Asks: 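Dumping the structure here so I can ask a few things about it.
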Amino acid sequence: MQKSYDPSKIEKKWQTVWEKKKVFQTKDKSKKPKFYGLIEFPYPSGDGLHVGHVRSNTAMDIITRKKRMEGFNVLYPIGYDSFGLPTENYAIKTGVQPEIVTKKNIKIFRKQLKSLGFSFDWDREINTSDPKYFKWTQWIFLKFLEKGLAYKAKIDINWCPRCKIGLANEEVIGGNCERCGAPVEKREKEQWMLAITKYAERLIKDLDTVDYLEQIKTQQKNWIGKSEGTLLKFQISNSQSQNNEKMEIEVFTTRADTLFGVTYIVLAPEHELVKKLIADPQFQISNKEEIKKYIKDSKNRTEIERTNEEKEKTGVEIKGVKAINPANGEEVSVFIADYVLANYGTGAVMAVPAHDERDYKFAKKYNLPIIEVISGGNISEKAFIDYGMLINSKNFNGMKSEEAIKAITTQFGKSVVKYKLRDWVFSRQRYWGEPIPVVHCEKCGIVPLKEKDLPLKLPKVKNYEPTDTGESPLASITKWVNTKCPKCGGFAKRETDTMPNWAGSSWYFLRYTDPKNTKKFADFKKLKYWTPIDWYNGGMEHVTLHLLYSRFWHKFLYDLKLVPTKEPYKKRTTHGMILGEGGEKMSKSLGNVINPDTIVKTFGADTLRVYEMFMGPFDQAISWGENNIVGVRRFLEKVWKLQFKVSKIAKTNEKLETLLHKTIKKVGEDIESMSFNTAISAMMILANEMEKEPAITKKDFEIFITILSPFAPHIAEEIWSNLGNKSLIAETKWPSFDKKKIVQEKVTIMVQVNGKIRAQFEAERDISESVAKNKAISLPEVQKWLAKGEIKKVIFVSGKIINFVI
RNA sequence: GCCGGAGUGGCGGAAUGGUAGACGCGCACGACUCAAAAUCGUGUCUCGCAAGGGGUGAGAGUUCAAGUCUCUCCUCCGGCACCA
């Protein structure tokens, strides 16, 4: 037995023992109840493991270690989300194949993860860029295609001119590229799409069935952006379409009650009708050139410029075209303006300047009429957007807005539900991603590969650079591109787009249940045993996109009866980021990145683990503080020394026993609520108390070490074995606490006079009010205060407080 | 602008409406030492010699009792943002 605590000697030792004895390898069959704990798998970047990974991995490691000790059959898997831009960019710079870089990085990650003693089942390790894995990502894509949920569309995509890549709406942050920050442009391109909007309603509704933090649910709902409103049709005056009916403009509004206040109609510049109107000879449009120029200009403007114009709204009237308000038959002018979005609602709005701020500003600028139809505001100053009483609205006058919305909708339109969520742009013009497994045949069109031809692997290329034309680097590999049509055997070309990063991570949690299956993405029986995931922890930054995408894939697979549950995750929590010492994000350029290896070397893995759990509330962002690590190391040193105090002649005293049982309770509960910092503080208090004792019993100390073991598994294992145990502490039982022992017999009763504490005394826990009152009154410090008045009221809180109101 | 979350010592942070500042860092003093480090002990919100007073972003309120509940306001962080 070593006298001094030397983590470098014991940590490696126990990691080897766990691995050899396969302690954390999970069986798919067990009489025990199952527990599936999941963390977001890391992207194996060249920078190596981040201290942030350590924080979230340790948290779930503590939870799963405790669950194992509580008798659960636990699955705690790990893998790598290895397709991604940094690796590809590295390949562009150096010419080294992404596959090779990825392999190298994974090796480093694996070693780092192992050095921290996480209780992963390493036999289930997965890697999204491994063909054996992405075969099934491609397979799932083909299912989407088969069911008509994957389709190709020519759309205006968000184009990052610097990354030379199309971005999903989700990847555009405030008009800028999420990765490089460059302003995003619009480009029209043929793209693969996934029809996530078909699942919008279920993605909202089923949130009621899961245990996510309220904040997460709200974010998901906001992103999907459901709104209920009315579709209204405005006919175009003096117009005739081919089937002899009048042409119409369809608008979407949530405020049908303001229909009588419409003074003009606005179309988005991209609206299809605009082109038709200009081309149609039946209209005498006097300013065609002006309109064309406006459309062209707005297309060239980036998102950023468009959104920056919040104050100045621009637009052009289509002179010669009028629309008819269905409610009163009056003619109103028609404008195009880019404050109206083409891809929301119908791409056209009815403008009610009196009751909408944007319309108000626009109307003021272009001198358009403003008609008040809801009373309660002062429209000569600003738009009145609240609900109120209808005026100037013929037979709807006097109705309340809520009522009028229903009535007007029934009479003139129909109610519909619209979502902000748009279909998912699923194409990337990049090399390092899953190839989309279809070919383009001149005869047969788009033809999916046959299942037996999956996986479709990536060809080796020399140049990874994306092209300015927006084509994937794969397009230049003619040998790979030219192929035979699986249907007719004729000449065909492969699709050269690859899938986005989100693809592989949208189903990885399913693969963990059956990672080596070559026949299916996962066996249904195994899925039935393991899913849903009992607890999923990850970063706040993945709460909208990854969570939404993976829920969508899961629901799709559920509809195909390939997975047994509607929702993948029963419970989702989030961790806060670890920031640099100054409070900024850790980054290479700031030079404030902490390498976990260094900390493990100087302080030990257990110290790093406990420190990261102790540093602050788990769900909040927190700055790294090198100074505070020493405190944790001191604590572990203290625990180490305590083992030499274990003695056969030691006797438990009541005080220590009470504290011990309180600590068991607190640590157990705190782990469940992720209050790791207070759990550790409770154990520090216990260690401090034990240190004061001349000797401690083996039993008491073993209980302490057991509850410490999920946090600091190596030192716990070493001490456990030093105490003469042949078994592993990782496989021992989580201790239970005795309710009776937690209750203290002696308590301190605080004596207040008018709510201020004036004295205190020791008493039996169940002291009665009258006894306490007499005792309190007899105290000289209390008498002094009571002399100042008459006792009006006495409040007694059993075992805690007695308060005299005078 | 809208929706969340948060404001507590020198610092990270604790507090089922019931002793504010647990635990840790730092600091001060003491012990050990030739000395230092390590370790251990004591102290550490603030004003005051003391008795006592004040104190959880600001202001009001509810209550015997408010960091905690209610209202108004300020600041910071996160998300969304011309969504009709």
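Bear in mind that the values here come from a model prediction, so they are computed numbers and not experimental data. Every chain is numbered from 1, with letters handed out A, B, ... down the list of sequences.
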Asks: Just call it for A:Asp619: base, sugar-phosphate, or nothing, with non-hydrogen atoms closer than 4.0 Å on any strand.
Replies: nothing
Asks: Looking only at side-chain atoms of A:Asp338, point me to the closest of B:C25, B:C82, B:A84.
Replies: B:C82
Asks: B:A20 and B:G13: how far apart are their P atoms, nearest whole angstrom?
Replies: 23 Å
Asks: Going by purine N1 to pyrimidine N3 plus the second Watson-Crick contact, or the G-U wobble pair, all under 3.5 Å, which nucleotide sits opposite B:G21?
Replies: none
Asks: Determine the interatomic distance between P on B:G12 and the same-named atom on B:C77; round to the nearest Å.
Replies: 16 Å
Asks: Touch check for A:Lys793, heavy atoms < 4.0 angstrom, all strands: base, sugar-phosphate only, or nothing?
Replies: sugar-phosphate
Asks: Does B:G9 adopt a syn or an anti glycosidic conformation, taking syn as a chi angle within 90° of 0?
Replies: syn
Asks: Rounded to whole angstrom, note down the C1' distance from B:C45 over to B:A36.
Replies: 33 Å
Asks: Please confirm whether A:Phe603 and A:Tyr611 have ring centers closer than 6.0 angstrom.
Replies: no
Asks: Need the pair for B:A51. Rule: Watson-Crick or G-U wobble, both distances under 3.5 Å, any strand; none if unpaired.
Replies: none
Asks: Under 3.5 Å, which N/O atoms of the protein pair with N/O atoms of nucleotides 50-54 of chain B?
Replies:
unit_1, atom_1, unit_2, atom_2, d
B:G52, OP1, A:Lys784, NZ, 2.9
B:G53, OP1, A:Arg758, NH2, 3.2
B:G53, OP2, A:Arg758, NH1, 2.9

Asks: Could you report the tightest heavy-atom contact between A:His542 and A:Glu40, atom names first, then the distance?
Replies: ND1-OE1, 3.1 Å
Asks: With respect to the side chain of A:Asn688, which nucleotide from B:C23, B:C3, B:C64 is positioned closest?
Replies: B:C23
Asks: If I take atom CZ from residue A:Phe804 and atom CD1 from residue A:Ile777, how far apart are they, to the nearest 0.5 angstrom?
Replies: 4.5 Å
Asks: In this structure, are over 12 heavy atoms from other groups packed under 6.0 Å from A:Lys221 atom NZ?
Replies: yes
Asks: Do the side chain of A:Arg255 and the main chain of A:Ser401 share a donor and acceptor less than 3.5 angstrom apart?
Replies: no
Asks: For B:C11 and B:G26, measure between their C1' atoms and round to the nearest Å.
Replies: 7 Å
Asks: Does A:Lys739 have any salt bridge (Lys or Arg N to Asp or Glu O under 4.0 Å) partners at least two apart in sequence or in another chain, and if so, which?
Replies: none
Asks: Could you give the distance separating B:G21 and B:G7 at their C1' atoms, to the nearest angstrom?
Replies: 15 Å
Asks: Testing the basics here: between A:Thr663 and A:Ala682, what is the closest heavy-atom pair and its distance to 0.1 Å?
Replies: CG2-O, 3.9 Å
Asks: Evaluate salt bridge (Lys or Arg N to Asp or Glu O under 4.0 Å) for A:Glu689 paired with A:Lys655, printing each intermediate quantity in order.
Replies: CA-CA 9 Å; A:Glu689 282 308 311; A:Lys655 203 179 135 209; 3.6 Å; yes
Asks: Are OP1 or OP2 of B:A84 and a side-chain N or O of A:Tyr344 less than 4.0 angstrom apart?
Replies: yes
Asks: Rounded to the nearest Å, what distance is computed from the CD1 atom of residue A:Ile802 to the P atom of nucleotide B:A65?
Replies: 16 Å
Asks: Could you measure between the two C1' atoms, the one in B:A50 and the one in B:C73, and give it in whole Å?
Replies: 40 Å
Asks: For atom C1', what is the distance between B:G67 and B:G1, given to the nearest Å?
Replies: 31 Å
Asks: Provide the Watson-Crick or G-U wobble partner of B:G41, both distances under 3.5 Å; none if there is no partner.
Replies: B:C29
Asks: Does A:Lys313 get its side chain close enough to the base of B:C82, under 3.5 Å, for a donor-acceptor pair?
Replies: yes
Asks: Please state how far atom CD in A:Glu214 lies from atom P in B:G5, giving the value in whole angstrom units.
Replies: 9 Å
Asks: Is it true that, when you exclude A:Lys665 itself, more than 12 heavy atoms of the residues, nucleotides or ligands shown sit nearer than 6.0 Å to its NZ?
Replies: no
Asks: Where do N or O atoms of nucleotides 38-41 of chain B meet protein N or O atoms at under 3.5 Å, pair by pair?
Replies:
none

Asks: Take atom CE of A:Met577 and atom C1' of B:G5, then tell me their distance rounded to the nearest Å.
Replies: 15 Å
Asks: Can you confirm whether A:Met613 sits close enough to A:Thr58 that some side-chain heavy atom of one is under 4.5 Å from a side-chain heavy atom of the other?
Replies: yes
Asks: Once you round it to whole Å, what is the distance between P of B:A84 and NZ of A:Lys361?
Replies: 16 Å
Asks: Mind calculating the distance between CH2 (A:Trp223) and C1' (B:G79) to the nearest angstrom?
Replies: 10 Å
Asks: Any side-chain N or O of A:Thr544 below 4.0 angstrom from OP1/OP2 of B:C80?
Replies: no
Asks: Nearest-Å distance, CD (A:Gln220) to P (B:C80)?
Replies: 13 Å
Asks: Which residues pass the ring pair (Phe, Tyr, Trp, His ring centres under 6.0 Å) test with A:Tyr199, not counting sequence neighbours?
Replies: A:Phe552
Asks: Is it the case that atom CD in A:Glu790 sees more than 12 heavy atoms from other parts of the structure closer than 6.0 Å?
Replies: no
Asks: Find the partner of B:G59: check Watson-Crick (N1-N3 plus N6-O4 or O6-N4) and G-U wobble (N1-O2, O6-N3) distances, both under 3.5 Å, and reply none if neither fits.
Replies: B:C71
Asks: For B:A60 versus B:G52, give the span between their C1' atoms, rounded off to a whole number of Å.
Replies: 28 Å
Asks: Go ahead and name the base partner of B:G4; Watson-Crick or wobble counts if both distances stay under 3.5 Å, otherwise write none.
Replies: B:C77
Asks: For A:Met540 and B:G79, give me the distance from atom CE to atom P, rounded to whole Å.
Replies: 9 Å
Asks: Along nucleotides 10-20 of chain B, 5' to 3', which nucleotides get a B, which get an S, and which get a -, given that the test is a protein heavy-atom distance under 4.0 Å?
Replies: --BSSSB-BBS
Asks: Are A:Tyr366 and A:Tyr264, when compared by the centres of their aromatic rings, separated by less than 6.0 Å?
Replies: no
Asks: Reading RNA chain B from 5' onward, which residue's closest nucleotide shows up sooner: A:Met684 or A:Thr218?
Replies: A:Thr218
Asks: Checking A:Lys198 now: which residues fulfil salt bridge (Lys or Arg N to Asp or Glu O under 4.0 Å) with it, not counting sequence neighbours?
Replies: none
Asks: Rounded to whole Å, how long is the line connecting atom CD of A:Glu250 with atom C1' of B:A84?
Replies: 14 Å
